[in-house]
Peer 1: 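First, the structure itself, so that you have it in front of you.
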Amino acid sequence: MLKTQILRCICSKRNSLRLVRGFHHEFSKPEQTTSTDGNKTEQKEAKPTFASGVQNKYKIFRDEEALEIFDVEEARYQQQELPAAAEQDQYEGLNLKRGVRGVFDIEDLVQLLRKENVDDIFVCYVPEELKYVDHLAVCSARSYRHMLSTAEFVRRIFKIKRSKGDLLPRIEGEKSRDWMAMDLGNIALHIFSPQAREHYDLESLWAIGSQYDTESQKPQNPYGDIFTAKQPLT
């Protein structure tokens, strides 16, 4: 009986008890009023309550919208999976197994250079009696960054393909903007800028021989240029 009286008291003063109305569904229902004829009723929209105000101000989170939080081991596994997938795309189409004549077979190196978009790839066979390498490869890069990235990519693939006894090649002339060279064991790779390639013309030297190279056939002066150099006047 006492509870019923308290409830009636609260209902009679519901407009002044907004906090209670916000947390109890009975007080958030729309009000009903009776018309003068006693038959028709109409509903009035309830005034904004404390609960609706909180609902509009703050976002309601649901379990299906929550982010998945991994523990340490799961997070580490996820980090390892992403680079592996990126590397798979980067090495797509390349032979990652060691070659027959060396770490690189010449066909695999040419395929790699084409993937790096270098220009004018030149390959020639080196005679065995020279005891140098099996093949010589020459290409042109478009900039210093292109030269360096190509050389580093060749070195990275070499590291993947090599066996235990294969020494990792150095990038000779790494800071040069004109000429970088790498000794791959059975292949000598030269990466030039277009200007330096035209100047040194290694293709003519190795393809047709030194006897047809103009620079090699110049007469050697044992005294150098000491007589032709201009002396300062005293």
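All figures in this text were calculated on a predicted structure; none of them were measured in a lab.
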Peer 1: Does the plane of the ring in Tyr125 sit parallel, tilted or perpendicular to the ring in His135? Use 30° and 60° as the thresholds.
Peer 2: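 Geometry flag for His135 against Tyr125: perpendicular rings.
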Peer 1: Taking atom CG of Leu148 and atom OG of Ser143, what is their separation to the nearest 0.5 Å?
Peer 2: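 That separation rounds to 9.5 Å.
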Peer 1: Step by step, would you call Tyr91 with Phe153 a side-chain contact (heavy atoms from CB on, under 4.5 Å)?
Peer 2: CA-CA 10 Å; Tyr91 304 147; Phe153 190 60; 3.7 Å; yes
Peer 1: Using only heavy-atom distances, determine whether the side chains of Ser140 and Asp120 contain a donor-acceptor pair under 3.5 Å.
Peer 2: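 There is no such pair (donor and acceptor under 3.5 Å, judged by atom type) between the side chains of Ser140 and Asp120.
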Peer 1: Applying the side-chain contact (heavy atoms from CB on, under 4.5 Å) test to Ile187, which of Val133, Ile106, Val126, Leu136 qualifies?
Peer 2: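 When side-chain contact (heavy atoms from CB on, under 4.5 Å) is applied between Ile187 and each of Val133, Ile106, Val126, Leu136, only Ile106 qualifies.
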Peer 1: Under a 3.5 Å distance rule, please check whether Arg162 uses its side chain to pair with a backbone N or O of Ile157 as donor and acceptor.
Peer 2: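 Not confirmed, Arg162 side chain does not pair with Ile157 backbone.
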Peer 1: Do other residues, nucleotides or ligands put more than 12 heavy atoms under 6.0 Å from Arg177 CZ?
Peer 2: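 Not buried by this count: 12 neighbours or fewer within 6.0 Å.
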Peer 1: Could you go through residues 165-174 and list every donor-acceptor pair under 3.5 Å that involves a side-chain atom there, pairing it with any protein atom two or more places apart or in another chain?
Peer 2:
unit_1	atom_1	unit_2	atom_2	d
Asp166	OD1	Arg98	NH2	3.1
Asp166	OD2	Arg98	NE	2.8
Asp166	OD2	Ser163	N	2.8

Peer 1: State plainly whether one hydrophobic cluster holds both Leu130 and Leu202, where clusters connect Ile, Leu, Val, Met, Phe, Trp and Tyr through side-chain heavy atoms under 4.5 angstrom apart.
Peer 2: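 Yes, Leu130 connects to Leu202 through the hydrophobic network.
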Peer 1: Taking atom CZ of Phe122 and atom CG of Leu113, what is their separation to the nearest 0.5 Å?
Peer 2: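 Atom-to-atom, Phe122:CZ and Leu113:CG are 13.5 Å apart.
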Peer 1: Could you tell me which non-hydrogen atom of Val123 sits nearest to which non-hydrogen atom of Ala137, and how far apart they are?
Peer 2: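 Scanning both residues, the minimum pair turns out to be CG2-CB, 4.4 Å.
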Peer 1: Could you pull out the closest heavy-atom pair between Lys115 and Glu92, with the gap in Å?
Peer 2: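 In terms of heavy atoms, the two residues are closest at NZ-O, 3.3 Å.
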Peer 1: Calculate, to the nearest 0.5 Å, the distance between atoms NE2 and CD belonging to His190 and Glu203 respectively.
Peer 2: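 Here the interatomic distance stands at 10.0 Å.
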Peer 1: List the atom of Pro194, the atom of Ala141, and the distance in Å for their closest heavy-atom pair.
Peer 2: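 For Pro194 and Ala141, the tightest heavy-atom pair comes out as CD-O, 3.3 Å.
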Peer 1: State the CE-CZ distance between Met180 and Phe192, to the nearest 0.5 angstrom.
Peer 2: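 If I round to the nearest 0.5 Å, the distance is 12.0 Å.
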Peer 1: Quick check for you: to the nearest 0.5 Å, what is the distance between Lys161 atom NZ and Asn95 atom CG?
Peer 2: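 Lys161 NZ to Asn95 CG: 4.0 Å, rounded to 0.5 Å.
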Peer 1: Main chain of Gln195, side chain of His199: is a donor-acceptor contact present, judged purely on distance under 3.5 Å?
Peer 2: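 Answer holds: no.
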Peer 1: Without swapping roles, check the side chain of Asp105 against the backbone of Arg101 for a donor-acceptor pair under 3.5 Å.
Peer 2: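 At least one qualifying donor-acceptor pair exists.
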Peer 1: Should Tyr144 and Asp178 be marked as a side-chain contact (heavy atoms from CB on, under 4.5 Å) after you check the CA-CA gap, both sets of side-chain angles, and the distance that decides it?
Peer 2: CA-CA 8 Å; Tyr144 169 73; Asp178 293 319; over 6 Å; no
Peer 1: What's the verdict on side-chain contact (heavy atoms from CB on, under 4.5 Å) for Val154 and Leu112, showing C-alpha distance, side-chain angles and the deciding distance?
Peer 2: CA-CA 8 Å; Val154 171; Leu112 185 151; 3.4 Å; yes
Peer 1: Using 0.5 Å steps for rounding, measure from the CG atom of Leu184 to the CG atom of Asp108.
Peer 2: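 Answer for the CG-CG pair, Leu184 versus Asp108, is 11.5 Å.
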Peer 1: I need the minimum non-hydrogen distance between Arg197 and Asp119, along with the two atoms involved.
Peer 2: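 Shortest heavy-atom contact: NH1-O, 3.5 Å.
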